[in-house]
S.K.: 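Take this structure first; my questions come after.
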Amino acid sequence: MTHTHALNFDRLVAHRAASVNASGIRRVFELGRSLKDPINLSIGQPDFPVPDAIKNAAIDAIREDRNGYTLTQGIPELQTRIKDHLAHDLGWDFSDSAANPMDAIVTSGTSGALFLLAMATLQAGDEIIVPDPYFVIYPHLAGLFGAKPVICSTYPDFRLTAERVEPLITERTKFVLLNSPSNPCGVVADKKTCTDLLELCRSRGVLLVSDEIYDEFTFSDGLTDPTPDGTDMRCPSPSRNSGGNTNGQDTLVIRGFGKTYGCTGWRLGYAAGPKPLMMQMAKMQQYSFVCAPSMGQWGALKAFDVDMHDTVSAYQKKRDMVLDALGDVTEISKPGGAFYAFIKVPERLGMTASQLFEKAIEKNLLMIPGNVFSTCDTHFRISFATSNENLARGLDVLRDLMKG
């Protein structure tokens, strides 16, 4: 007779998985499913359709049977377009004869790029410096690979400055993570912040990782140092702000298509930086994601020809709705980009953001308490990626709650 034993899942599951809690954002999404017609200001999902030119290019690729694997680094046409764009935008030299060789790869979203970076660079005992507040994946990038996230508080202005970072750098530091415009705050790094941080990292031999997923989503009043003719529509990149003398050899830039063009489910991003690092990240992609979705790559090829200025301008007006509705009842660091506001719970209420979240649920409103993104629970995030009508309803509820 064969004896069987119940599977011991405590023994089966690795510590790296067991030590990670489910995203607080996902928990809010699940809660939202139990509410009837909630006012949802929690999700960072663009509420506009994918532009037709991009959709049609992806559809054409499917119909023309371009559905198989691509090169791990991405289809050559998209790689070339990305490099041409960055050469124009950042002044980087991607030619084979460059003194400091650069490269770019297409990734399965910006989160995919971050995972490839972590897999290629981190091992037990290493450290990375992460801003607080942070995008939820940042601390786990370290822990999943045996490294340590070193949290750098950016309160109250939410700027990752060299002065705040410098005391945290050690001989174990592998990279510093900068996100501009940021999630959850929407704050855009100015030129001095970028320049000082880049010079600090260079002087200490540390890689600066610039997560620029919202780089095209920078508002007109969030710009710094525009070009003389006023055509520079973004200024979140430390490479763009460095005076043009780095050629990116000590910077990794990560950008994507999902947030700007509404195709978040396509999982498309790209990373660009020093070729030796890109080669290692491509190798990690070969043995994990294999390649980014093929039909999506053909669609993204058309993204560089699509003008999203009107959409970004409409979101700037949504941002203004938030500031107008809540600016006199609490503190808000003015978002210069993305589609989030990180709002302080007024101290006079005597409650945490999690407690305010519970009160908001009673009013059928969904937002995200700050402790999902931070070691603090003093603020909460709302997304204004929603209709003006829905946003106005949610702002009315929040204003009433914060007026007490």
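Starting from 1, each residue takes its place in the sequence as its number.
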S.K.: Can you see which heavy atom on L122 is nearest to which on A142, and at what distance?
M.R.: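 Minimum heavy-atom contact is CD1-CA, 3.9 Å.
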S.K.: Residues in side chain to side chain contact (heavy atoms under 4.5 Å, CB included) with S387, at least two apart?
M.R.: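 Residues passing side chain to side chain contact (heavy atoms under 4.5 Å, CB included) with S387: E389, N390.
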S.K.: What pair of heavy atoms forms the shortest contact from L200 to A162, and how long is it?
M.R.: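 Closest approach of L200 to A162, heavy atoms only: CD2-O, 3.6 Å.
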S.K.: Tell me which one of T193, L208, L198 satisfies side-chain contact (heavy atoms from CB on, under 4.5 Å) with L178.
M.R.: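 Only match with L178 under side-chain contact (heavy atoms from CB on, under 4.5 Å): L208.
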S.K.: Find out whether D305 and R81 are in side-chain contact, i.e. whether some heavy atom of one side chain is under 4.5 Å from a heavy atom of the other.
M.R.: yes
S.K.: Does the side chain of D47 pick up a donor-acceptor pair with the side chain of T386 at under 3.5 Å?
M.R.: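 Per modelled atom types, D47 and T386 side chains form no pair under 3.5 Å.
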S.K.: Would you check if the side chain of T110 reaches a backbone N or O of I254 as a donor-acceptor pair within less than 3.5 Å?
M.R.: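 No, because the side chain of T110 does not come within donor-acceptor range (under 3.5 Å) of the backbone of I254.
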S.K.: NZ of K302: more than 12 outside heavy atoms within 6.0 angstrom?
M.R.: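 Not more than 12 within 6.0 Å, no.
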S.K.: Has R255 got a side-chain atom pairing as donor or acceptor with A271's backbone, closer than 3.5 angstrom?
M.R.: no
S.K.: Taking all atoms of both residues into account, what is the closest heavy-atom pair of P133 and T154, and its distance?
M.R.: CD-OG1, 3.5 Å
S.K.: Checking C152 now: which residues fulfil side chain to side chain contact (heavy atoms under 4.5 Å, CB included) with it, not counting sequence neighbours?
M.R.: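 C152 satisfies side chain to side chain contact (heavy atoms under 4.5 Å, CB included) with I129, L160, R164, V165, L168 once adjacent residues are dropped.
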S.K.: For D320, enumerate each residue passing the salt bridge (Lys or Arg N to Asp or Glu O under 4.0 Å) test, keeping only those at least two apart in sequence or located in another chain.
M.R.: none
S.K.: Do T264 and P46 touch side chain to side chain, with heavy atoms closer than 4.5 Å?
M.R.: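 In short, these two side chains touch, coming nearer than 4.5 Å.
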S.K.: What I'd like to find out is whether the side chain of V253 reaches to under 4.5 Å of the side chain of E212, using heavy atoms alone.
M.R.: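 Yes, at least one pair of side-chain atoms sits under 4.5 Å.
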S.K.: What verdict does the side chain to side chain contact (heavy atoms under 4.5 Å, CB included) test give for Q285 and V290, after you've listed the backbone C-alpha separation in whole Å, the side-chain angles of each residue and the deciding distance to 0.1 Å?
M.R.: CA-CA 5 Å; Q285 177 146 279; V290 180; over 6 Å; no
S.K.: If a pair satisfies salt bridge (charged side-chain N to carboxylate O under 4.0 Å, His left out) and one of its residues is in residues 173-187, list it, with sequence neighbours excluded.
M.R.: D126-K174
S.K.: Hey, mind stepping through S294 and N67 against side-chain hydrogen bond (donor to acceptor under 3.5 Å, both in side chains) and telling me if it holds?
M.R.: CA-CA 6 Å; S294 59; N67 301 300; 5.0 Å; no
S.K.: Would you check if the side chain of K317 reaches a backbone N or O of V312 as a donor-acceptor pair within less than 3.5 Å?
M.R.: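 Checking the backbone N and O of V312 against the side chain of K317, no donor-acceptor pair under 3.5 Å is found.
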S.K.: What do you reckon, are the aromatic ring centroids of F304 and Y261 less than 6.0 Å apart?
M.R.: no
S.K.: For Y134, enumerate each residue passing the side chain to side chain donor-acceptor pair (under 3.5 Å) test, keeping only those at least two apart in sequence or located in another chain.
M.R.: none
S.K.: Enter the distance from D396:CG to L365:CG here, rounded to the nearest 0.5 Å.
M.R.: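 Atom-to-atom, D396:CG and L365:CG are 10.5 Å apart.
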S.K.: Output the distance between atom CG (L349) and atom CG (L401), rounded to the nearest 0.5 Å.
M.R.: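 Going from the CG atom of L349 to the CG atom of L401 covers 8.5 Å.
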S.K.: Any ring-ring contact (aromatic ring centres under 6.0 Å, His included) involving residues 269-302? Give me the pairs, sequence neighbours left out, ordered by first then second residue.
M.R.: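 Qualifying pairs: F257-Y270.
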S.K.: Please tell me if the side chains of I382 and L395 come closer than 4.5 Å, counting only heavy atoms from C-beta onward.
M.R.: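 Of all side-chain heavy-atom pairs linking L395 with I382, at least one is under 4.5 Å.
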S.K.: For residues 322-337, which residue pairs qualify under salt bridge (charged side-chain N to carboxylate O under 4.0 Å, His left out), counting only residues two or more places apart or in two chains?
M.R.: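 The answer is D221-K334, D328-R399, E331-K344.
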S.K.: So which heavy atom on D377 is nearest to which on P369, and how close?
M.R.: OD1-CB, 4.2 Å
S.K.: Applying ring-ring contact (aromatic ring centres under 6.0 Å, His included) as the test, list every pair that has at least one member in residues 142-178; sequence neighbours left out.
M.R.: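 Listed by first then second residue: Y155-F158, Y155-H379, F158-F342, F158-H379.
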S.K.: Do you know which two heavy atoms are closest between M402 and R348, and how far apart they sit?
M.R.: O-NH2, 2.7 Å
S.K.: Within the side chain of S180, is there an N or O that forms a donor-acceptor pair under 3.5 Å with the backbone of S182?
M.R.: no
S.K.: Before giving the answer on ring-ring contact (aromatic ring centres under 6.0 Å, His included), spell out for F373 and Y138 the whole-Å C-alpha distance, their side-chain angles and the decisive distance to 0.1 Å.
M.R.: CA-CA 10 Å; F373 309 97; Y138 288 175; over 10 Å; no
S.K.: Using side-chain heavy atoms (C-beta onward) and a distance below 4.5 Å, is L141 in contact with F115?
M.R.: yes
S.K.: To the nearest 0.5 Å, what is the distance between NZ on K363 and CG on D400?
M.R.: 7.5 Å
S.K.: Counting distance only, does the side-chain N/O of Q297 pair as donor-acceptor with the main-chain N or O of I75 below 3.5 Å?
M.R.: yes
S.K.: Between N179 (side chain only) and D211 (backbone N and O only), is there a donor and an acceptor less than 3.5 Å apart?
M.R.: yes
S.K.: Do any N or O atoms from the side chain of N364 and from the backbone of I39 form a donor-acceptor pair under 3.5 angstrom?
M.R.: no
S.K.: How many angstroms lie between atom CD of Q355 and atom CD of E358, to the nearest 0.5 angstrom?
M.R.: 9.0 Å
S.K.: Test your reading of the model: is there a side-chain donor-acceptor pair from D132 to the backbone of T375, 3.5 Å cut-off?
M.R.: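 Between the backbone of T375 and the side chain of D132 there is a qualifying donor-acceptor contact (under 3.5 Å).
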S.K.: Whether the S333 and D157 side chains hold a donor-acceptor pair (N or O, under 3.5 Å, no angle test) is what I'd like checked.
M.R.: no
S.K.: So with a 6.0 Å cut-off around CD of Q45, is the heavy-atom count from everything else above 12?
M.R.: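 Count over threshold, so yes.
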S.K.: Counting N and O atoms only, with roles assigned by atom type, does the side chain of N8 sit under 3.5 Å from a partner on the main chain of R11, one being a donor and the other an acceptor?
M.R.: yes
S.K.: Listed by chain and number, what are the side chain to side chain contact (heavy atoms under 4.5 Å, CB included) partners of A104, not counting sequence neighbours?
M.R.: I82, K83, F94, A272
S.K.: With sequence neighbours left out, what residues match Q286 under side chain to side chain contact (heavy atoms under 4.5 Å, CB included)?
M.R.: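 Applying side chain to side chain contact (heavy atoms under 4.5 Å, CB included) to Q286 gives T72.
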S.K.: Can you find a heavy atom in the side chain of L326 that is under 4.5 Å from one in the side chain of L398?
M.R.: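 Yes, at least one pair of side-chain atoms sits under 4.5 Å.
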S.K.: Sorted by first residue and then second, give each salt bridge (charged side-chain N to carboxylate O under 4.0 Å, His left out) pair with at least one member in residues 48-69; sequence neighbours left out.
M.R.: D52-K55, E64-R66
S.K.: Centroid separation under 6.0 Å, is that true for the rings of Y315 and F339?
M.R.: yes
S.K.: Counting distance only, does the side-chain N/O of S374 pair as donor-acceptor with the main-chain N or O of G370 below 3.5 Å?
M.R.: no
S.K.: Within this structure, what is the CZ-CG distance for the pair R393 and N388, rounded to the nearest 0.5 Å?
M.R.: 13.5 Å
S.K.: Heavy atoms only: give me the nearest G186-A338 pair and the separation to one decimal.
M.R.: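 Taking G186 first and A338 second, the nearest heavy atoms are CA-CB, 4.4 Å.
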S.K.: Would you say I105 and L116 make side-chain contact, with heavy atoms under 4.5 Å?
M.R.: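 The answer is yes; the side chains approach within 4.5 Å.
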S.K.: Rounded to the nearest 0.5 Å, what separation is found between the CD1 atom of I169 and the CD atom of E171?
M.R.: 13.0 Å
S.K.: Heavy-atom count check: over 12 atoms from other residues, nucleotides or ligands less than 6.0 Å from M279 CE?
M.R.: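 Counting neighbours around CE of M279, 12 or fewer heavy atoms of other residues, nucleotides or ligands fall under 6.0 Å, so no.
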S.K.: Output all residues satisfying side chain to side chain donor-acceptor pair (under 3.5 Å) with S203, sequence neighbours left out; order by chain, then residue number.
M.R.: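 Once residues adjacent in sequence are excluded, S203 has no partner under the side chain to side chain donor-acceptor pair (under 3.5 Å) criterion.
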S.K.: Below 4.5 Å, heavy atoms only, C-beta onward: do P335 and L323 meet side chain to side chain?
M.R.: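 A side-chain contact exists here, since the closest heavy-atom pair is under 4.5 Å.
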